[in-house]
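These notes concern the structure reproduced below.
Numbers restart at 1 for each chain; the letters A, B, ... are given by sequence-line order, proteins then strands.
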Protein chains: 2
Amino acid sequence: MNKHIPPPADTASSPIYDALRRDLVGGRFAAGEKLAINALKEHYQVGLSPLREALNKLAAYGLLIQENQRGFRVPKLSREELDDIARLRTELEGMAFERAIAHGDAVWEADLLAAAHRLKRADVSLDKGEEWERLHTQFHRTLVAPCGSVWLLRFIEQLHDQFDRYRRLGPKMPSIRQELDEQHHQLVELALNRDGKAARALMDDHIHKSYEVALARYQAHT
Amino acid sequence: MNKHIPPPADTASSPIYDALRRDLVGGRFAAGEKLAINALKEHYQVGLSPLREALNKLAAYGLLIQENQRGFRVPKLSREELDDIARLRTELEGMAFERAIAHGDAVWEADLLAAAHRLKRADVSLDKGEEWERLHTQFHRTLVAPCGSVWLLRFIEQLHDQFDRYRRLGPKMPSIRQELDEQHHQLVELALNRDGKAARALMDDHIHKSYEVALARYQAHT
DNA sequence: TTATTCAGAAAAATCGATTTTAAATAAAAT
DNA sequence: ATTTTATTTAAAATCGATTTTTCTGAATAA
């Protein structure tokens, strides 16, 4: 009946894993907070075993800290780590984008235009901006998708999640958003023109501007 | 009593996690093999819950594939993935080594010499070479340790484990080993001389030679 | 006051058993 | 003979309860 091929899920993700990851990246938990397992069990309406398995996976992924027999905590935030993450993002995402531009085909070009369009049209006020965030992540994923390295994509995804813990602190800030949105379209343009060098330069600048936003929020948040 | 400060375990690792990781990297399980949980439970003499939590962490780490409700499998090996891993190792480890040379202090220099010496003196025939492998991993870890990026170190560690799944296929091969051992000492020398450029070039060559060993083993293994 | 020890309480980790799901085999139908 | 459908078997996932460990705070001693 259904001709659509399901996405080849690299790691089988359960509903509880997805929900926790979303809430951790979205800043629903305070940094440094110790998670009360029984409270989570109630809040997410899930059994102990699936919950613990999700927490273990998130700890291995880097969104939680697991201490000896002392349960799980949300990792602290620090200026040093934000700098680290932003710098690595610049290196890895730039590398991946250049490779994607070298190898991406016509289908990729169409995907890029589609992802950019959906992001532009997204209603930022809907669902606390969650829908916009989803499309934004998907857009950046599409930019680097045909880079040819599954491990590079994996690391980039991980860094994105970490970066977003800083970028999504506090409430919305539509002022800077404007400039970043424009860059999204310029990134697509340079990709379609196969200008790898300029594309990478713009990606560097894009990440740097996002970094400034994230840093400002981090400093306002402390 | 004990004045030694325990290593700041990033992710709390249980005995069962360490054992499984060691055996997965060491090739004790066949690639593509489906893990029989009850058999593991017996073999490692451990309860179901700690075992499952370890398996979940290893899946998030990339040493296992977790399928919908179909348990865990050992990831397949492929030429494409080996190439991917080797290429990324070259980029990331080269980057980290250069940064380490720029920032490493006198303590690092001493650690380097010590790690290289221990590796040289290691008895390769002992414990199926497990002790040599441990020291080899530790040596490479030391090379990049003061690079200043915990996330970069994390990714490099992960890639090392993946790479070793290929490199450690089949029995020992002492012939090529000689040349690689010499490079270890040259890497230390260039690091002590703070010659970042030359050090990175040698690191590139070192990984490339290791890659050739791993590739030969992979092809012999199929 | 400061530090130390010892309950009591709370929480995490683990275990054993149950439920659910997928795989394998056999029977029936096209 | 091949495909389809039941039935059985095996394994994975989940649950509830138990055990173990850590945390808290009061009481004692320095």
Side-chain angles (χ1 to χ4, degrees), chain A residues 1-3 5-21 23-24 29-76, chain B residues 1-3 5-21 23-24 29-76:
Chain A
M1 185 63 84
N2 184 7
K3 288 286 193 82
I5 297 160
D10 202 30
T11 296
S13 62
S14 53
I16 177 63
Y17 176 87
D18 292 336
L20 272 170
R21 174 177 162 179
D23 291 346
L24 284 165
F29 299 95
E33 174 184 353
K34 181 154 135 48
L35 295 185
I37 295 200
N38 279 356
L40 294 180
K41 209 165 70 105
E42 271 207 26
H43 183 263
Y44 292 99
Q45 283 295 300
V46 72
L48 182 62
S49 303
L51 175 59
R52 284 193 61 85
E53 299 195 356
L55 293 173
N56 273 280
K57 274 191 281 198
L58 288 164
Y61 185 68
L63 281 175
L64 285 177
I65 302 289
Q66 188 171 18
E67 286 164 312
N68 209 337
Q69 319 257 123
R70 249 157 280 188
F72 298 85
R73 357 185 107 262
V74 181
K76 290 247 182 68
Chain B
M1 186 64 87
N2 184 8
K3 289 286 195 80
I5 297 159
D10 201 30
T11 296
S13 63
S14 54
I16 176 62
Y17 177 86
D18 292 337
L20 271 170
R21 175 177 160 178
D23 292 346
L24 284 165
F29 298 95
E33 175 183 353
K34 182 156 135 46
L35 295 184
I37 294 199
N38 280 358
L40 294 180
K41 207 166 73 110
E42 273 207 23
H43 183 262
Y44 291 99
Q45 283 294 300
V46 72
L48 183 61
S49 302
L51 175 59
R52 285 193 61 84
E53 298 196 355
L55 292 173
N56 273 281
K57 274 191 281 198
L58 288 164
Y61 185 68
L63 281 174
L64 286 176
I65 302 288
Q66 188 172 19
E67 286 165 310
N68 210 337
Q69 320 258 124
R70 248 158 281 188
F72 298 86
R73 340 188 118 265
V74 180
K76 292 244 182 70

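The distance from the CZ atom of A:Phe72 to the CG atom of A:Leu40 is 10.0 Å, given to the nearest 0.5 Å. Remark: A:Glu33 CD to A:Leu24 CG distance equals 9.0 Å, nearest 0.5 Å. Rounded to the nearest 0.5 Å, atoms CZ (A:Arg73) and CD (A:Glu67) are 5.0 Å apart.
Residues A:Val46 and B:Asn38 both approach DNA chain D. Their nearest nucleotides, taken by heavy-atom distance, put B:Asn38 toward the 5′ side. For B:Lys41 and A:Ile37, each mapped to the nucleotide of DNA chain C holding its nearest heavy atom, the one lying further toward the 5' end belongs to A:Ile37.
Separating the CD atom of A:Glu42 from the P atom of C:dA11 is a distance of 12 Å, rounded to the nearest angstrom. If you measure from atom CG of B:Leu48 to atom C1' of D:dA12, you get 9 Å, rounded to the nearest angstrom. Distance, A:Leu55 CG to C:dA13 C1': 13 Å, rounded to whole Å. Rounded to an integer number of Å, the gap from B:Lys57 NZ to C:dA13 C1' is 12 Å. Computed from coordinates, the B:Tyr44 OH to C:dT14 P distance equals 17 Å when rounded to whole Å. In this structure, A:Gln45 atom CD and D:dC15 atom P are separated by 11 Å, rounded to whole Å. Note: NZ (B:Lys34) to P (D:dA10) measures 14 Å, nearest angstrom. Atom CG in A:Leu40 sits roughly 9 Å away from atom P in C:dA12 (whole-Å rounding).
Taking each heavy atom of B:Gly62 and B:Pro75 in turn, the nearest pair found is O-CG, 4.0 Å.
Within the nucleic acid shown, B:Leu51 has no heavy atom closer than 4.0 Å to any nucleic acid atom.
Look at B:Arg52 and you'll find a side-chain N or O under 4.0 angstrom from OP1 or OP2 of D:dA13. Look at A:Arg70 and you won't find any side-chain N or O under 4.0 angstrom from OP1 or OP2 of C:dA12.
Listed nucleotides C:dC15, D:dT21, D:dC15 differ in distance to A:Ser49; the shortest reach to its side chain belongs to D:dC15.
Across A:Leu64, A:Leu63, A:Ile16, a single residue satisfies side-chain contact (heavy atoms from CB on, under 4.5 Å) together with A:Leu55, and that is A:Leu64.
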